Number of protein chains: 2
Amino acid sequence: MNLVSEEINIKCGNCDIRHRAVCSQCDTSELNTLNTIKYYKTIKAGQTIAAVEEPISFVASIVTGIAALNQTMEDGRTQMVGMLLPSDFVGRPGRNSVAYDIVATTDVYMCCFYKKPFEELLARTPHLVNRLLEMTLDDLDAAREWMLVLGRKTAREKIASLFAIFAHRSAVLRRKGAQDTIEFDLHLSREQMSDYLGLTIETVSRQISALKKDGIILLPNKRHVIVPNLSVLLTEAGDDADGGVLV
Amino acid sequence: MNLVSEEINIKCGNCDIRHRAVCSQCDTSELNTLNTIKYYKTIKAGQTIAAVEEPISFVASIVTGIAALNQTMEDGRTQMVGMLLPSDFVGRPGRNSVAYDIVATTDVYMCCFYKKPFEELLARTPHLVNRLLEMTLDDLDAAREWMLVLGRKTAREKIASLFAIFAHRSAVLRRKGAQDTIEFDLHLSREQMSDYLGLTIETVSRQISALKKDGIILLPNKRHVIVPNLSVLLTEAGDDADGGVLV
DNA sequence: ATGATTTTTTGATACAGATCAAGAACTGGT
DNA sequence: ACCAGTTCTTGATCTGTATCAAAAAATCAT
């Protein structure tokens, strides 16, 4: 008995994302409870994780991969309204459906919790609600930051802003500063980028080519970007050289 | 002693917005605590309530009036990223500054709570955190809904979407349905609308004129709008005729 | 490898919304 | 009621991005 819970605990304790995930503050007993209501699930790139109107029976934490929150109009125009990265939370406690379609952009591996018992745990675990509030406030900041991009930036600035997000994430992982060379893989297709940026794929393609021609980025292949100087990229994004970076 | 707390309680209990405000679930003792740490404040239209980078010593609930969350680029381009209406919450518990400038659009009367003791109350009152999470999730939905407007809608659809929000709010207040005539006062200037919609004031003006010419709205004066048929307006907004209305 | 399919790039053109400019209509103070 | 200042509307023109079209590059199945 003791041994079983120990094992389970070790498994969850080893999870790469736990320090940033919803369970980051949980103690051993809470982790044990989570272990009894969790399961892992892999979704192939392109598959829908959850759709508007459909009830959803779980909440989850992304372990690896990227998913997109998409909003679509009747005539097919679509806008990506959020990007879910490892450690991001999926689902809205207390609500029975998602507000937007959630689609796997790459293969996604996630840690799911059955919704009902998760909410019961939530009801008796205030610090978990606190953690969710924290994460939701961060999501809100990111969404609002992105509203400036969508409403007021030019196509070139939009592309630079998107690349700045990826560069920033990569820089945090590698502990680099604004003056260092940063590189990252582009996990989004041109179409996905256009949906995120409110542009067409042709404009995305043209602006990427332009940034390349101007030496702001190098593009060894279509899906890998090298940023020789991050602060130059940030200037192109219309941000001042160190602030305002999202995600 | 008893009498004093009774009086205070009655005052707060009578507050028009309490059923939707952060304190909506609070019991008498919690309301009493809130009473000891609250004060009221009026801000004139155009004044800044809180600015980025400046530390803020309170959180608050809007009682009457409208405030805007504004994000501004160095060159002056600005995007409104949120609108605060009566009962909306101001400030982010656990964080020391606001992420965006908060500016009074009309005269604003708000109920402020000193930040420190409010956060202490929060720490021992889980249902208040729950309520904040609820409100933050609503804000996030509204922000993401607006991302579709900014990223994918035409100028005409943007104006219609904005008017749909006002119409919806007015309809809820008056309990009207989609087929009824709805009217509302426009509390935003053309410039504020353009900042919210990611347009110029000229385009805002032209599109309002066009909606008027096409009979979608009547405009007895510059600041009052009559919508003869809400579902027609919703169609113009690119929404299907009853879903997707914000705020 | 080879051809079929999909994704990306590039070019030519069209158009929605921005910009520039001038009136017209409001607003507030005296 | 009137004038100065502001906000709003309308017109003319310009421009950035969309659209339409086709070639080039990458990916996939056999």
Side-chain angles (χ1 to χ4, degrees), chain A residues 44-46 73 75-79 105-107 149-163 185-214 217-225 236-238, chain B residues 44-46 68 73 75-79 103 105-107 149-163 185-214 217-225 236-238:
Chain A
K44 287 273 156 211
M73 293 172 69
D75 63 5
R77 282 177 280 178
T78 92
Q79 177 64 50
T105 293
T106 63
D107 287 358
V149 173
L150 292 174
R152 291 302 186 193
K153 291 195 177 179
T154 64
R156 170 185 266 243
E157 288 170 337
K158 284 178 173 183
I159 296 286
S161 297
L162 181 63
F163 285 4
D185 283 314
L186 217 41
H187 296 290
L188 304 189
S189 68
R190 300 296 186 259
E191 184 178 26
Q192 288 164 336
M193 288 188 253
S194 73
D195 284 343
Y196 202 15
L197 297 168
L199 298 171
T200 59
I201 54 173
E202 294 94 331
T203 299
V204 168
S205 181
R206 273 186 251 272
Q207 295 301 332
I208 291 177
S209 299
L211 288 176
K212 181 183 173 185
K213 185 162 73 63
D214 297 346
I217 56 169
L218 308 178
L219 209 58
N221 67 62
K222 305 284 172 220
R223 291 294 182 100
H224 193 79
V225 177
E236 289 293 336
Chain B
K44 287 272 157 211
M73 292 173 69
D75 61 6
R77 281 177 281 177
T78 93
Q79 176 65 49
V103 182
T105 293
T106 62
D107 287 358
V149 173
L150 292 174
R152 290 302 186 193
K153 291 196 178 179
T154 64
R156 170 186 266 242
E157 288 170 337
K158 283 178 174 183
I159 296 287
S161 297
L162 181 64
F163 285 4
D185 283 314
L186 217 41
H187 297 289
L188 304 189
S189 68
R190 299 295 187 260
E191 185 178 25
Q192 288 163 336
M193 288 189 252
S194 73
D195 284 343
Y196 201 17
L197 297 168
L199 298 170
T200 59
I201 53 173
E202 293 94 332
T203 298
V204 168
S205 181
R206 273 186 251 271
Q207 296 300 333
I208 291 176
S209 300
L211 288 176
K212 181 183 174 186
K213 185 163 71 64
D214 297 346
I217 57 169
L218 309 178
L219 210 57
N221 68 62
K222 306 285 173 217
R223 290 294 182 102
H224 192 80
V225 178
E236 289 294 335

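Just so we're on the same page: letters track the sequence lines, and every chain starts at 1. Computed from a predicted model, the values in this text were never measured in an experiment.
Candidate nucleotides C:dT8, D:dC8, C:dG17 were compared by shortest atom distance to the side chain of A:Ser189, and C:dT8 ranks first. Distance from the side chain of B:Lys222 is smallest to D:dC8 among D:dC8, C:dG17, D:dT17.
Straight-line distance from the CG atom of A:Leu219 to the C1' atom of C:dT8: 11 Å, rounded to whole Å. B:Ile201 has its CD1 atom 12 Å from the C1' atom of C:dC20, to the nearest Å. The distance between atom CD1 of A:Ile159 and atom P of D:dT17, rounded to the nearest whole Å, is 11 Å. Straight-line distance from the CD1 atom of B:Ile208 to the C1' atom of D:dC8: 10 Å, rounded to whole Å. For A:Gln207 and D:dG16, the CD to C1' distance is 9 Å, given to the nearest whole Å. At whole-Å resolution of the value, CD in A:Gln192 and C1' in C:dT7 are 12 Å apart. The CZ-P distance, from B:Arg223 to C:dA25, rounds to 18 Å in whole Å. Distance B:Arg190 CZ to C:dA24 P: 18 Å, rounded to the nearest Å.
Looking at B:Glu202, its side chain has no donor and acceptor atom pair within 3.5 Å of the base of D:dC8. Counting atom types as modelled, A:Arg206 pairs a side-chain N or O with a base atom of C:dG11 as donor and acceptor under 3.5 Å.
In terms of heavy atoms, A:Tyr196 sits closest to A:Leu150 at O-CD2, 3.6 Å. What you find for B:Lys153 and A:Met73 is that their closest heavy atoms are CE-CE, 4.0 Å. For the pair B:Ser194 and B:Thr200, the tightest heavy-atom approach, listed with the atom from each and the gap, is CB-C, 3.6 Å.
Backbone-only contact: B:Ser209 has heavy atoms under 4.0 Å from sugar-phosphate atoms and none from a base. Looking at heavy-atom distances under 4.0 Å, A:Arg156 makes no contact with the nucleic acid at all.
A 4.5 Å side-chain heavy-atom check between A:Asp75 and B:Arg152 finds every atom pair outside the cut-off. At a threshold of 4.5 Å between non-hydrogen side-chain atoms, the residues B:Met193 and B:Ile208 count as touching.
Within the structure, a side-chain polar atom (N or O) of B:Thr203 is placed less than 4.0 Å from OP1 or OP2 of C:dA18. Remark: B:Thr200 is not in phosphate contact with C:dG17, judged by side-chain N or O atoms under 4.0 Å from OP1 or OP2.
Heavy-atom distances to DNA chain D give each of A:Asn221 and A:Val204 a nearest nucleotide, and the one nearer the 5′ end belongs to A:Val204.
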